[in-house]
*Asks:* 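I'd like to ask some things about the structure below.
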2 protein chains.
Amino acid sequence: MPRVGLNQQTVVREAARLADEVGFQQLTLAALASRLGVALPSLYKHVRGADALAQKLAALATAELATEMTTAAVGRSGGDALRAMADAYRDYALRHPGRYPATQRVPDPADPEHVEAGERAVGAIFAVLRGYGLTGDDAVDATRALRSALHGFVTLEAAGGFGLPRDVDRSYHQLVASMDISFRSWPRTGG
Amino acid sequence: MPRVGLNQQTVVREAARLADEVGFQQLTLAALASRLGVALPSLYKHVRGADALAQKLAALATAELATEMTTAAVGRSGGDALRAMADAYRDYALRHPGRYPATQRVPDPADPEHVEAGERAVGAIFAVLRGYGLTGDDAVDATRALRSALHGFVTLEAAGGFGLPRDVDRSYHQLVASMDISFRSWPRTGG
DNA sequence: CTTTAAAGCTAAGCTACTTAGCCAACGTTG
DNA sequence: CAACGTTGGCTAAGTAGCTTAGCTTTAAAG
């Protein structure tokens, strides 16, 4: 039995590719093993099991998403930064339909890279909101609002939840424009 | 073997209760059968299988949610209606953590009750937005925005995605207040 | 060359879903 | 009230997926 030469990184990366092809829910250890050319139990030499694989995939996807969000906002501010970041967010979800759902897993405190990736993603949003003068409790509320809007939209879109023929790109831009208006006149609490 | 006297409705209703207790993902035919006091394969006399059960549960939950949204908005308009409906939406998701995820399934065209329930839910949002003077393409965009915001928020909340200590109720109210502002100054397209 | 850690394997068992086919309870009808 | 047919229950058996145990062989290190 010649060795294939796997390690945790190769396994997780291939899982990410496979998930994008077949969907996050359809990502199975059997399919992954066959794709990597090994028997299923061999995967256990590299990941603790199906749940641990999902967690590592979450860490990978969250890191990628955080990077794309940060990159998009660099050198911009205000509505410009908001639009660029929102577009990057949705682009990532559309380009990586299998990885995106993984990013919703709450970071595992035992995985520093995962925690750091989550902080980077939230931090990117925080930075954009600072450009609107939002800080403290207001920034927390606004961050939750923005995350909710973006996540909700791409989730509904991916689920096929937008039945009507109206152009989805346009609806997304309108949503982002409305968030821009909201942030400029955010109902302040003085936090 | 004395008969238990099940039918599709009893099975689906019990599935809904069970889902709220253990979670939508943990809803299993085995657990449901044991709860109903029958052997697992007996369920197949009432539902076509696990996927069909999930679909029927989706129809039930969507109908319940649509009713609560509609009821909440009755006799109100504008921001008043928006707040009442949004509160009803989140209340439902919090009271029924197992049913709520089921509502995200796109209605089965072969199930008229499911289709009708979906139309009622979207119609309820449409009606509220008409109070803001939003119609046509603007109403479609605004409906998608509102659905995205509400769905995204309750989904992130249920997933434990809001790590910071800031009060979640308050964040939700701020989100709804910001949507109110958005709808009043919606970036019109003239649709 | 020997030794050893680790990467692969097979075998076996678990849970969950599904299908097939049997039997008994119940409602209907003569 | 007896016979009958429908149907709701059952057991048995097969599939897919995850996991553990324990063996073998590769390949690197001494």
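Note that this is a predicted model, so its numbers are computed, not measured. In what follows, chains are A, B, ... by sequence order, proteins preceding strands, each numbered from 1.
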*Asks:* Grab the CG-C1' distance between B:N7 and C:dC26 for me, whole Å please.
*Replies:*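 That distance rounds to 16 Å.
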*Asks:* Choosing from C:dG8, D:dC10, D:dT20, which nucleotide comes nearest the side chain of A:P41?
*Replies:*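 For the A:P41 side chain, the nearest candidate turns out to be D:dT20.
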*Asks:* With the side chain of B:L40 defined as its heavy atoms from C-beta on, choose the nearest nucleotide among C:dT18, D:dC18, D:dC10.
*Replies:*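 Side chain of B:L40 sits closest to C:dT18.
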*Asks:* Return the value, rounded to whole Å, for the distance between atom CG of A:L29 and atom P of D:dC18.
*Replies:*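 Rounded to whole Å, this separation is 4 Å.
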*Asks:* Atom CG of B:L146 and atom NE2 of B:H151: how far apart are they, to the nearest 0.5 Å?
*Replies:*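 Reported value, rounded in 0.5 Å steps: 12.5 Å.
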*Asks:* Between A:Y44 and B:A39, who's closer to the 5' end of DNA chain D by nearest nucleotide?
*Replies:*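 In this pair, the answer is B:A39.
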*Asks:* Using only heavy-atom distances, decide whether a donor-acceptor pair under 3.5 angstrom links the side-chain of A:R3 to the base of C:dA6.
*Replies:*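 Indeed there is one.
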*Asks:* Regarding A:R120 and A:T67, is there a side-chain donor-to-acceptor distance under 3.5 Å anywhere?
*Replies:*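 Result is yes, a qualifying pair exists.
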*Asks:* Would you please say whether a donor-acceptor pair under 3.5 Å links the side chains of B:Y89 and B:Y172?
*Replies:*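 Short answer, no.
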*Asks:* Starting from C1' on C:dA16, measure out to CD on B:Q25 and report it in whole angstrom.
*Replies:*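 Going from B:Q25 (CD) to C:dA16 (C1'), I get 14 Å.
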*Asks:* Can you figure out which of C:dC9, D:dG9, C:dT18 approaches the side chain of A:S42 most closely?
*Replies:*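 Among the listed nucleotides, the one closest to the side chain of A:S42 is C:dC9.
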*Asks:* Between P on C:dA5 and CG on A:L6, what's the gap in Å once rounded to a whole number?
*Replies:*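 Result: 21 Å.
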*Asks:* Could you check how far CG of B:L32 sits from C1' of D:dG9, rounded to whole Å?
*Replies:*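 Distance check: B:L32 CG to D:dG9 C1' gives 15 Å.
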*Asks:* Whole angstroms only, please: what is the NZ-P distance between B:K45 and C:dT19?
*Replies:*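 Rounding to the nearest Å, NZ of B:K45 and P of C:dT19 are 12 Å apart.
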*Asks:* Taking the side chain of A:A50 as heavy atoms from C-beta outward, which of D:dC18, C:dG8, D:dG9 is closest to it?
*Replies:*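 Output: D:dC18.
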*Asks:* For B:H46 and C:dT18, what is the distance between atoms NE2 and P respectively, to the nearest whole Å?
*Replies:*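 Checked: the NE2 to P distance equals 16 Å.
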*Asks:* Can you tell me how far the CE atom of A:M179 sits from the CD1 atom of B:I181, to the nearest 0.5 Å?
*Replies:*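 Between atom CE of A:M179 and atom CD1 of B:I181 there are 11.0 Å.
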*Asks:* Of all the choices, C:dA16, C:dA24, D:dC18, which nucleotide is nearest to the side chain of B:A30 once you look at every atom?
*Replies:*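 The closest nucleotide is C:dA16.
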*Asks:* Taking only Lys NZ, Arg NE, NH1 and NH2, and the carboxylate oxygens of Asp or Glu, determine whether A:R17 and A:E21 approach each other closer than 4.0 Å.
*Replies:*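 Salt bridge absent between A:R17 and A:E21.
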*Asks:* Can you tell me the distance, in whole Å, between the CG atom of A:L36 and the P atom of C:dA7?
*Replies:*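 Between P of C:dA7 and CG of A:L36: 14 Å.
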